[in-house]
Amino acid sequence: MSLEFTASEMMSVTAARALRNDMICFVGIGLPSEAANLARLTHAPDVTLIYESGTLQTRPDVLPLSIGDGELCESALTTVSVPEMFRYWLQGGHVSVGFLGTAQIDRYANLNTTLIGDYRSPAVRLPGGGGAPEIATHAREVFITVKHSRRTFVNAVDFITTVGFGRDGKAREGVPNIGRGPSLVITDLCILKPDPDTRELVVTSLHPNVTREDVIEATGWDIRFATQLERTPAPSAEELEVLRDLKARSDAHHSSQP
Amino acid sequence: MSLEFTASEMMSVTAARALRNDMICFVGIGLPSEAANLARLTHAPDVTLIYESGTLQTRPDVLPLSIGDGELCESALTTVSVPEMFRYWLQGGHVSVGFLGTAQIDRYANLNTTLIGDYRSPAVRLPGGGGAPEIATHAREVFITVKHSRRTFVNAVDFITTVGFGRDGKAREGVPNIGRGPSLVITDLCILKPDPDTRELVVTSLHPNVTREDVIEATGWDIRFATQLERTPAPSAEELEVLRDLKARSDAHHSSQP
Amino acid sequence: MAEFLSLQNAVAKHIHDGDTVAMEGFTHLIPFAAGHEIIRQEKRDLTLIRMTPDLIYDQMIGAGCARKLIFSWGGNPGVGSLHRLRDAVEKGWPNRIEVVEHSHAAMACAYEAGASGLPLAILRGYIGSDLPKVNDQIRFIECPFSGERLAAVPSVRPDVTVIHAQRADRRGNVLVEGIVGVQKEAVLAARRSIVTVEEIVDDLGASVNACVLPAWAITAIALAPGGAKPSYALGYYDRDNAFYKAWDAIARDRQAFLAWLNDNVFTTRADQGAE
Amino acid sequence: MAEFLSLQNAVAKHIHDGDTVAMEGFTHLIPFAAGHEIIRQEKRDLTLIRMTPDLIYDQMIGAGCARKLIFSWGGNPGVGSLHRLRDAVEKGWPNRIEVVEHSHAAMACAYEAGASGLPLAILRGYIGSDLPKVNDQIRFIECPFSGERLAAVPSVRPDVTVIHAQRADRRGNVLVEGIVGVQKEAVLAARRSIVTVEEIVDDLGASVNACVLPAWAITAIALAPGGAKPSYALGYYDRDNAFYKAWDAIARDRQAFLAWLNDNVFTTRADQGAE
């Protein structure tokens, strides 16, 4: 059996598979939200999704365009204020996984969503930190999903908006009350995990039809590969169908004016 | 016209008159609650009453026995959590007057509701501070209502649970973000106000049929009287009728089992 | 994830001698049925935390469950003293208890900080009060921006919190409604939690911003209809103010108290409800 | 005590050049009608505070109202950049603006502290982030109990806060429902407040623990049906996601933006609603 699928679909399906039914997931908007809802609509029907807008245990029928679409509130168990969300639910230690995207990532999984260039006169001003700086330290672990390219996978991020393991891989050592940090990075080419000793990101699985050279070419540092390099299973027919339905539903919803 | 009334009724009516229609009053249980609701049912129908249980703008039909009777919640504009009540509404500066009772009071209007005797082996253990320590400093002013006796009006309180003006009358001087403190003490004998300079409580008005000697006899320090000593107006027929109805209604309500 | 247990099993499994226990409910929804079950199971050396000890802790202290009390207002509301609490503090009966005393504002902030995963709460509090002289847990910090002196207290982080709520759905989500007090904070601040409920329903019927505790934030749920009596449950039954008044005479006398305890707690089973 | 005013009069009376202004609404209930009225009245040198500047501040910044922005996430949600914000930051058009940047957690805590009357907020935050290097308002304190290093930020205390809500009753009490964001905190933290509402009703129809702002905590109320469009008002109308997408092309080009502003803001009256 050979199904047609895009690299983006491969990424979303792989990211979705990382979520388990018993997880409490703090969901970033965009790719993480797509993956989290795909997980909920396939193998993890009871996964708990939380969005920073205050919606607890939400089950949207279409993907939200923003972090606070009405759909999120209407399908939630309850909706709390934003201060309560960050204080009681995130800082309070109830989140098992934070699911983030990023504009830049480096070998120690530090994330930059602030700017390209110099802080005082930026070449490109990006949106900024949002919830990510504290999601990354309070969640018990962090998943990151992002498209793989030299623009994104850089040798050193211009700015650490959100800490992975710091410039030297040691930023979490000896820090009390901090999560274990990024445990999984899912791109459209591969899966990366931090080396247990050095915390440097290592490719552990290549997606179907992707070569080592593809990954090397798309990475801004001298990327390492696990000795036991795996091959990511292709999306199943069901995964693809659910994903495509979800995206079609969502696109139609966001294009129609109210 | 001469109406019969008790000293307790005189106290409640006088305390009620101190509240104005535009005040936001944080109400203590017992005598303050009786006075505040009497005010609401007579000259100040729109006075805003807040109880520390989280009930904002409440209009109980019977006096609550506890600070959190169902009546308070059901007749409130809205009910918030207790942390929100103390943080946003009291500490946030929305309360114009805190209305308190006490077990002991001294010449500088310091209040003791903690204990009689030594802290580590008390002769009498009283209930403690509750909301009063912060009501007394965050409200823009404080009214106190308490029965007048040597047991209550003491030369020096055994313990300052809630500050009036401190042991020397100067405790509020130079303290940022603090209310102006007790501005009025209403007893069953008289009205007292702090001297504008020394902050010592001074009798400014005697209730009907009360003599200076009655007050001196009931006060544990060398009590001063204002040079322009007034005579408190007796309760009106309407005030007495509303108060007696309210108390009868409340007593009947609290004696019947649910 | 919330586990449905009998009240007897919930208390046996999650409350141990020596634990720090918070049983909250601000006048409303006080978990009396759970308190009585703790007395029946003869739990000992508990550190009891509660803003207003109320009759529930008066009973537990009188029954010998407590070695320490952290509180902010210890009276019988609208009636007078808590005589069992006073007897323990003043005369050491049935055992001496240590008292750590705060204001309501500080306790409320300490619960809020506990729920927020913080080690301390900051408030503008205790100005001019003698309480910091007798409670070494009250410190002061200087604001690095304004220079203002502010009070700091340690957050409340109980081993176990017990609350009573109106209802749970079959998945274990819980609705608390009316005077919600510090119940949400107390549950979120604790390592474990037991929630007793009036009933278990298919649908909570909660409005969009209601106070709902998700099943994954609760350890155990026990059905206990009437479990807040003589306190009350909005929408279910009223406060038994007559009992609160009657308690004064019962608690004033050790023998009367012991007789009451025997007749109303020890010879009553958990599933018969409180009081 | 809340005064009922037209939106035009509310903005004229309570927002002045140079003011620090917070206009909140977390995706939901964004007060666009009020933002457009501020643009029409050509307010200048405002310090704008908002967790997510969104299109409302993109428009106000592009129209030249701002001299400073305090924020924590400045994108067009799900679409991309805020091009007017970027043009101001990157190229100084129409004027250079100062940027003070936080994380959401810190901003949320800073509003909460503002509402609580405190000068600072304490959080476990910014660990390992470069943000404290570029924002001198982020400090660190040591917990006097645990010794833990915690972040401190100044509380948000705006001159004026503007929010949009579903409805007010005729006495001026306001109901906010659904994603309530930091609106309550923003109003309580401010010296003055303007609340625009979809409608004015006899009875709010609020449930017992709903998010209700009493009239005495609000300065002015203005009727502005549709006043959150192209954002949304739960129970009234949906988010115009198509407009959020279309905004990308409009805002990308200075002339297209100015033309849009002229057609949709300057030639529109306040009582015609937003957009």
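Chain naming here is simple, since letters A, B, ... match the order of the sequence lines and numbering starts at 1 in each.
Per-residue counts of heavy-atom pairs under 4.5 Å with chain B were compared for C/Ser72, C/Ser231, C/Ala246; the largest is that of C/Ser72. If you tally non-hydrogen atom pairs under 4.5 Å between each of C/Pro53, C/Pro77, C/Ser146, C/Gly75 and chain B, the highest count goes to C/Pro77. The candidate from B/Gly30, B/Ser33, B/Ser81 with the greatest count of non-hydrogen atom pairs under 4.5 Å with chain C is B/Ser81.
Taking a 6.0 Å sphere around CZ of C/Arg149, one finds it holds 12 or fewer heavy atoms contributed by other residues, nucleotides or ligands. More than 12 heavy atoms of other shown residues, nucleotides or ligands fall within 6.0 angstrom of atom CZ in B/Arg249.
In this structure, chain C has a heavy atom under 4.5 Å from the side chain of B/Ile178, while its backbone stays farther away. For C/Leu123, the parts lying near chain B are the backbone and the side chain together; criterion is any non-hydrogen pair under 4.5 Å. B/Ala76 does not touch chain C: none of its heavy atoms, backbone or side chain, sits under 4.5 Å away. Both the backbone and the side chain of C/Leu131 come within less than 4.5 Å of a heavy atom of chain B. Residue B/Ser121: no heavy atom, backbone or side chain, is found under 4.5 Å from chain C. In this structure, no portion of C/Leu29 lies under 4.5 Å from any heavy atom of chain B. Proximity to chain C (any heavy atom under 4.5 Å) is restricted, for B/Pro133, to the side chain, taken from C-beta onward. Residue B/Asn110 does not touch chain C at all, counting heavy-atom pairs closer than 4.5 Å.
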Might you work through the side-chain contact (heavy atoms from CB on, under 4.5 Å) test for B/Arg120 and C/Val134, ending with a clear yes or no?
-> CA-CA 9 Å; B/Arg120 291 297 155 202; C/Val134 297; 4.0 Å; yes
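One N or O on the side chain of B/Gln91 and one on the backbone of C/Arg124 form a donor-acceptor pair closer than 3.5 Å.
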Which atom pairs, donor and acceptor, lie under 3.5 Å between side-chain atoms of residues 105-112 of chain C and protein residues at least two apart or in another chain?
from, atom 1, to, atom 2, distance (Å)
C/Tyr111, OH, C/Glu24, OE2, 2.8
C/Glu112, OE1, A/Arg87, NH2, 3.1
C/Glu112, OE2, A/Arg87, NE, 3.2

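Heavy-atom minimum distance, B/Thr161 versus C/Ser129: O-OG, 2.8 Å. The minimum heavy-atom distance between B/Cys73 and C/Ile179, with the atom names listed, is CB-CG1, 3.8 Å. Of all non-hydrogen atoms in B/Pro122 and C/Glu90, the two that sit nearest each other are O-CG, 3.9 Å. For the pair C/Gly178 and B/Thr79, the tightest heavy-atom approach, listed with the atom from each and the gap, is O-CG2, 3.3 Å. What you find for C/Tyr232 and B/Asp69 is that their closest heavy atoms are OH-C, 3.3 Å. Across all non-hydrogen atoms, the minimal contact from B/Glu134 to C/Tyr126 is OE2-N, 2.9 Å.
The distance from the CD1 atom of B/Ile160 to the NZ atom of C/Lys133 is 6.5 Å, given to the nearest 0.5 Å. The CZ atom of C/Phe26 sits 6.5 Å away from the CD1 atom of B/Ile67 when rounded to the nearest 0.5 Å. Of the inter-residue distances, the one linking B/Ile135 atom CD1 with C/Ser103 atom OG reads 10.0 Å to the nearest 0.5 angstrom. To the nearest 0.5 Å, the span separating NZ on C/Lys245 from OG on B/Ser255 amounts to 4.0 Å. Note: B/Glu74 CD to C/Leu234 CG = 5.0 Å, rounded to the nearest 0.5 Å.
Looking at heavy atoms from C-beta onward, B/Tyr119 lies in side-chain contact with C/Val99 at the 4.5 angstrom threshold. Between C/Glu185 and B/Val82, every side-chain heavy-atom pair lies at or beyond the 4.5 Å cut-off. At least one side-chain heavy atom of B/Ser66 sits less than 4.5 Å from a side-chain heavy atom of C/Thr27. Contact of the C/Val182 side chain with the B/Pro83 side chain is registered, since non-hydrogen atoms from C-beta on lie closer than 4.5 Å.
By the 4.0 Å N-to-carboxylate-O rule, B/Arg167 lies close enough to C/Asp130 to be salt-bridged with it.
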